[in-house]
Every structure is written in structure tokens, then in C-alpha cells.
Amino acid sequence: MPDPSAAKTPRVRFAPSPTGYLHVGGARTFIFNWLYARHNHGTLVLRLDDTDLERNTEASVQSIFSGLRWLGLSWDEEYKQSERLALHRRQAEAIFAKGLAYRDFTPAHADSGEHSSSQGAWLFNPGMRELSLEESDRRAASGEPFALRYRVPRGQGRTLRFTDAVYGEQSKLADEVEDFALLRSDSMPTYHLASCVDDADLRITHIIRGQDHLTNTFKHLALFEALGVQPPQFAHVPLLVAPDGAKLSKRRHGPVVSVTTYRDAGFLPQAFVNFLCLLGWSPKDDREFLTLDELTAAFTLEAVNRANAVVNFTEDDPFDPKAVWLNAEHIRALAVDELSPRLQPFFAAAGLHPSPEELLAVTPLIRERIKLLRDAVSAADFFFLPQLAPYDPAELIPQKGDAALAIRVLQTALEVLATTSFDHDSLDHALRQAAQSLGLKAGQMFQPIRVAVCGRKNAPPLFETMAVLGRDLCLARIRQAEASLQSLVS
RNA sequence: GUCCCCGUCGUCUAGCCCGGCCUAGGACACCGCCCUUUCACGGCGAUAACACGGGUUCAAAUCCCGUCGGGGACGCCA
């Protein structure tokens, strides 16, 4: 029998609930959905699952949208569950009318505790499932609040089954599924109801979501049946877990799981996407660096793993080293004129405002030296600082030398630089010759100049740096350095 | 507790479905060497894993059973 969903072009959905910022696990689920949709020329639906009035916030909605926009992956349709309440309620009533659900008048929150701990799983509230329709109607009419529960077909030896695209054949006895709620006592739909009703109504063909929903799927199977529709295909993806093995959570792990943390630290979205894809999925060859196009071409659900993946962050280092490495790779893969403008906001945040031209000149000197975009500031601030940050004059002293030697180097440099043209080759030639005439190794000559000009020992290549800085600034800084050395000798 | 899922280097993974080519491959991180005006890039190299126990087989990381370990679900949260 042909699979009805296989013929249609796929429709997938990402359905975050706006109860907090977009976190890395959610981002990855979104990316997998996006990749699946694009790979198969299907449609990606973004649906805000905002049926929990208590916990939803507008700030979360904004945070999710800005996170998604930053990723740069677009969706095709957009819905909000809160605008579809009428449909949810209508379907709940239809299910009730078919006798597949019942009213539960047990007060909310009255039953916590006693079943979870000792006597096994909770299945239903005593008395409510068997309430006669007459009494149920009477109590409802009298205004007594109730939740609507799905009447799981228990006691018939039924087995609920589905084939997960990632986890394979799944089955569970219906007797082990609890009577989950469809409507709350305030008549708001629950997640299960709203989700299934919308998935059916939006004609979703493939549900790609976190593995934490694997067991919920049995409830959804029953619900789709109650709704009278074929269930979509399911594909559960392994969870992203913290180094301690627990599933990533905003509450326990804090801002390190927020995508804005990555964005603000200077991850490139394409690197972030690349990294996330490699957690729980691989192209099955040795590629690690993949562009979006390559990811799209290579992505299949069959290649998704089943084991949870650890995001390797620590207290003092919030980012997985592999994510950082991939980011550095993507930075290096960027053309200078693409990279340069992306650096600008990070300088601005540090109070530095180089012109686009200045930044463009500096970018090639630091491109291979930064792992995160924000590193650009510490790597290149000296280009744009009118006054160098104070440093220890002892740094100016070269290997196997003393302050007097450093002074001699700088004085010689001052003379030579006064007449040398400030391009790489001229500087290289002039300074090497100067070193020779002083009887010094090149490094002994260059190091004091580097520190004088950059204010520190580790910096981009000297001649390119000086060429960008220009003669005036270089001479001024070298003079200043020489003066600071005088205090050391006297 | 009940049910579901998972278990290859520290981490991400290839290999597992279709046993032999696996003295288990790649990557990150770490360490060492080379390149080099510093840093970085790049190159080379080293350390490092089939959770355990049975079984099937001429042969098991690969198939079967069990044990242990980890995770998830069990909410009028999603």
C-alpha cells in the first residue's frame, strides 16, 4: 500500500512555545526542519505554540523571531495557535461528541504527588472516566469547572504503533498511556490537542522534533485517529545534552544555551548552523566544514543518529571547542569585504568607530587570528586607539638584549623609517638591513618595534601592520616607547 | 516506580542494517616537532574508544540474550 504522505511534497513545521529565549536545541530542531524542507523542495511552517497563557511572553516571541532571523533561514508560512482557538475547541467538542473524551471535574492541581512516586504511573482520576453522561452534563451545566480528557482505549489489549524515521519501529500498549487532557478547566486547549489539530489542519506531513516527544507520540497517534486523519510521519531527533548528560534546559544551564549568547559572542550564523548539524547528524563522509548548500544537499533523516549529543561547554568556557573551531574556519572562508562589515558592531560595542575603509584595511591582518568575531577588538584595537594602552616598557626589550639595546633598535628604526616608504616590501628591506648593520637577528630588531607600535608582543605581521598604521603614528609610538625605556636605564 | 530510548577515543562522529577489507577511520581539544619577525595559519606526529558478560559463527564493533550505565516521558507545561 503506497504511503499517502510520500507522494505529496512535504510540509514540515517548527513549533516553539514562547516561554523563553530560543535555545540551541530548538535552533537545531528548526534547522533540521528547514534542511528537510529545502532538500525535498517542501514547505516549512513556523507555528507559535502559545496555548500556555500563564507562561507566554511577548519578549519570548521577539527573542525567538530575532534568533531565527539571525540564523538566516526563512520559513514559508506562519501561524499562531492562540489565533486558532475556535478550531481547537470545535475539534475537542467533536471528540467529546464521539464519546472519545470525558469531563474530569477533579480540581486542578489537586492530585500532585501521590501517584508519581510510589504506586507507578498515573492513568486517570478515579471516578471521572466512568461518570455517566447525565451526571457529567448536569455538573457542567451547574457551572462546575472541568478539564476534558481523552479516553484512551485501555483494556482492549491494543498496541499503538508507528515507524519513526530515525528510531524505527515504535510500539506501546494503549493500557500504559494515561488519559491526557485536551482542554483545561479554563477551556484553553492543551499542547497535545492544539498541536495535533493544527498539524492535521495545516496538512503537516512530517513532524521532526526532539526525542523528548517520542513517548508523547503514542498519545498523538490516538488523537489523530480521534480526529479521523492519517497521522503524519514522525522523525525524532536525539537530544542535545549538557556535559552532565541532562537535557539542555534554560533553567539549569542558563544563557549558555541561548542562541543570542552565540550571536553576541561573534559566531557566524553559518558556522553555528554547521556546528549544530553535526550534533546528531553527519554527512557520513569526512566532511566537517559544510556550507548551507552542502548541508541542504546532504541532509537526510536516515542519517540522523539516535544517541544524545553532548554540547561541550564548561563554567569558564561557554562554547564547545568544536563550535569555536568551525567558526574560525567560516571566518577564514569569508572574503575580506564580507567579513569586515560584520566586525563593525563589535568595535562599536567597545567604543571604537573605525571607518569602513580603515576596517577593510585591517581585516586581512586579523582574519586568521580570530576565532570569534568579538576577538577582532582585542586583536586590532591598537589600530584605532588614538593613544596606546599603557604597557610595561620591559616588553620592548628583545631576546638576549637589554634596555640599552632596545633603545638603540628604536633609535635606528626612527632614522630608517623617516625615509622609508611605508609599504610591506620597503619596510621589510629597510628594517632587515638595519638589523644587519646593528649585528642583530631579524627578530631582535622587529620585536621592540612591534611592541612599540602595537603595544604588545603578539600582533599581526609587522610590516603590513605598519603600512596600515602609517608613518606618523608609527614614528610617534616608537618615540614614546623610546622615552619610556630611558626611565629603565637611568 | 512504570513505560520508551540510547551506549565506538575526553567531545562530535565513520563503521553496525548487508558479520571478515577494523592491528576501528576522520575531526575538535591536548601534547610534541616543522614553517616563521611575534601571534596565528599551514604541515607532520603522538596519546586516546568498540560499557560488561554470555551466546551464534571458521570469524562479531557489527547478529541474539542478559547485566550495568545514561537519558527521556509519565502536568489542566510545551
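Lettering follows sequence order; numbering is per chain, from 1. Quick note: numbers below take in every heavy atom, side chains included, and nothing from hydrogens, waters or symmetry partners.
- Pair assignment for B:C17: none, as no Watson-Crick or G-U wobble contacts are both less than 3.5 Å.
- Among the atoms of the strands shown, only primed sugar atoms or phosphate atoms (P, OP1, OP2) are found under 4.0 Å from some heavy atom of A:L239.
- For the P atoms, the distance linking B:A40 with B:C33 amounts to 14 Å, nearest Å.
- For B:U13, the OP1/OP2 oxygens have a side-chain nitrogen or oxygen of A:N305 closer than 4.0 Å.
- What separates CZ of A:R55 from P of B:G75 is a distance of 15 Å, to the nearest Å.
- Counting atom types as modelled, A:E368 pairs no side-chain N or O with a base atom of B:G42 as donor and acceptor under 3.5 Å.
- Residue A:T215 is in base contact, counting any heavy-atom pair closer than 4.0 Å across all strands shown.
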TODO: Dump the intermediate steps for side chain to side chain contact (heavy atoms under 4.5 Å, CB included) on A:L240 and A:V24, then the final yes or no.
DONE: CA-CA 8 Å; A:L240 256 29; A:V24 295; 4.2 Å; yes

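- At a threshold of 4.0 Å, the pair A:D179-A:R151 does not count as salt-bridged, since none of the basic side-chain nitrogens sits closer than that to a carboxylate oxygen.
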Open item on the list: side chain to side chain contact (heavy atoms under 4.5 Å, CB included), that's the test. Do A:F299 and A:F32 meet it? Break it down for me.
Closed with: CA-CA 8 Å; A:F299 187 81; A:F32 282 175; 3.6 Å; yes

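- Note on A:K322 versus A:D320: no salt bridge recorded, every NZ/NE/NH1/NH2 to OD/OE distance being 4.0 Å or above.
- Here the P atom of nucleotide B:U13 and the CZ atom of A:R306 are 13 Å apart, to the nearest Å.
- The phosphate of B:A14 (OP1 or OP2) has no side-chain N or O of A:R287 nearer than 4.0 angstrom.
- A:H213 comes within 4.0 angstrom of a nucleotide base, judged by non-hydrogen atoms across all strands.
- No contact: A:T19 has no heavy atom under 4.0 Å from any strand.
- Across B:G25 and B:G45, the matching P atoms stand 14 Å from one another, rounded to whole Å.
- Taking atom C1' on both B:A60 and B:G20, the two are 9 Å apart, rounded to the nearest angstrom.
- Here the side chain of A:E178 is nearest to one of B:C39, B:C74, B:C5, namely B:C74.
- Nucleotides B:A48 and B:A27 have their C1' atoms positioned 14 Å apart, rounded to a whole Å.
- Taking atom CD of residue A:E169 and atom P of nucleotide B:C6, one finds them 12 Å apart after rounding to whole Å.
- Contact between the side-chain N/O atoms of A:T190 and the OP1/OP2 oxygens of B:A78 is not found at any separation under 4.0 Å.
- At whole-Å resolution of the value, CG in A:L183 and P in B:G75 are 17 Å apart.
- When distances are taken from the side chain of A:A246 to each of B:C39, B:G72, B:C76, the shortest belongs to B:G72.
- B:C74 and B:G1 make up a base pair, with Watson-Crick or G-U wobble contacts both under 3.5 Å.
- As the counterpart of B:U57, no nucleotide is assigned, since no Watson-Crick or G-U wobble pattern has both distances under 3.5 Å.
- For the P atom pair drawn from B:U23 and B:G43, the interatomic distance equals 29 Å after rounding to whole Å.
- The phosphate of B:A73 has OP1 or OP2 within less than 4.0 Å of a side-chain N or O from A:K247.
- Between the base of B:C76 and the side chain of A:S185 there is a donor-acceptor pair shorter than 3.5 Å.
- Between B:U8 and B:G15, the distance separating the two P atoms is 14 Å to the nearest Å.
- Of the two residues near RNA chain B, A:N312 and A:A307, the one whose nearest nucleotide lies more 5' is A:A307.
- With a cut-off of 3.5 Å on both pairing distances, B:U23 has no Watson-Crick or G-U wobble partner at all.
- Under a 4.0 Å N-O distance rule, the pair A:D198/A:R13 does not qualify as a salt bridge.
- At least one side-chain nitrogen or oxygen of A:Q170 sits closer than 4.0 Å to the OP1 or OP2 atom of B:C5.
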Open item on the list: Pair A:R28, A:L279 - check side chain to side chain contact (heavy atoms under 4.5 Å, CB included), show working.
Closed with: CA-CA 9 Å; A:R28 188 187 61 153; A:L279 296 175; 4.3 Å; yes

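- Remark: the separation of the P atoms in B:G19 and B:C64 is 11 Å, to the nearest Å.
- The P atoms of B:C63 and B:C6 are separated by 12 Å, rounded to the nearest whole Å.
- For the pair A:K219 NZ and B:A73 P, the computed distance is 10 Å after rounding to whole Å.
- Look at B:C31: its Watson-Crick or wobble partner, with both distances under 3.5 angstrom, is B:G45.
- Each of A:A147 and A:Y167 lies near RNA chain B, and the nucleotide nearest A:Y167 is the one positioned closer to the 5' end.
- Scored by the ring pair (Phe, Tyr, Trp, His ring centres under 6.0 Å) test, A:F124 finds no partners at all (sequence neighbours excluded).
- Taking a cutoff of 4.0 Å between a charged side-chain nitrogen and a carboxylate oxygen, A:E178 and A:K219 qualify as a salt bridge.
- Residue A:R369 places a side-chain atom within donor-acceptor reach of the base of B:C39, judged by atom type and a 3.5 Å distance cut-off alone.
- A cation-pi contact, defined as under 6.0 Å to the ring centre and within 45° of the axis, links A:R103 to A:F146.
- Rounded to whole Å, atom P of B:G70 lies 20 Å from atom CG of A:D212.
- In this entry the distance linking CD of A:E144 with C1' of B:C76 reads 14 Å, nearest Å.
- Under the ring pair (Phe, Tyr, Trp, His ring centres under 6.0 Å) criterion, A:Y21 pairs with no residue at all, not counting sequence neighbours.
- Under 4.0 angstrom from either OP1 or OP2 of B:C39 there lies no side-chain N or O belonging to A:K457.
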Interface polar pairs with nucleotides 29-37 of chain B, N/O, under 3.5 angstrom:
{"residue": "B:U37", "atom": "O2", "partner": "A:R450", "partner atom": "NH2", "Å": "2.0"}

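- If you check every strand for non-hydrogen atoms under 4.0 Å, A:P460 touches a base.
- Distance CD (A:E329) to C1' (B:C12): 15 Å, rounded to an integer number of Å.
- Contact annotation: A:N216 side-chain N/O to B:C4 OP1/OP2 distance is not under 4.0 Å.
- One finds no side-chain N or O of A:R367 lying less than 4.0 angstrom from the OP1 or OP2 phosphate oxygen of B:C41.
- Once rounded to the nearest 0.5 Å, the distance linking OG of A:S484 with CG of A:D392 reads 9.0 Å.
- The partner of B:G7, taking Watson-Crick or G-U wobble pairs whose two distances both stay under 3.5 Å, is B:C68.
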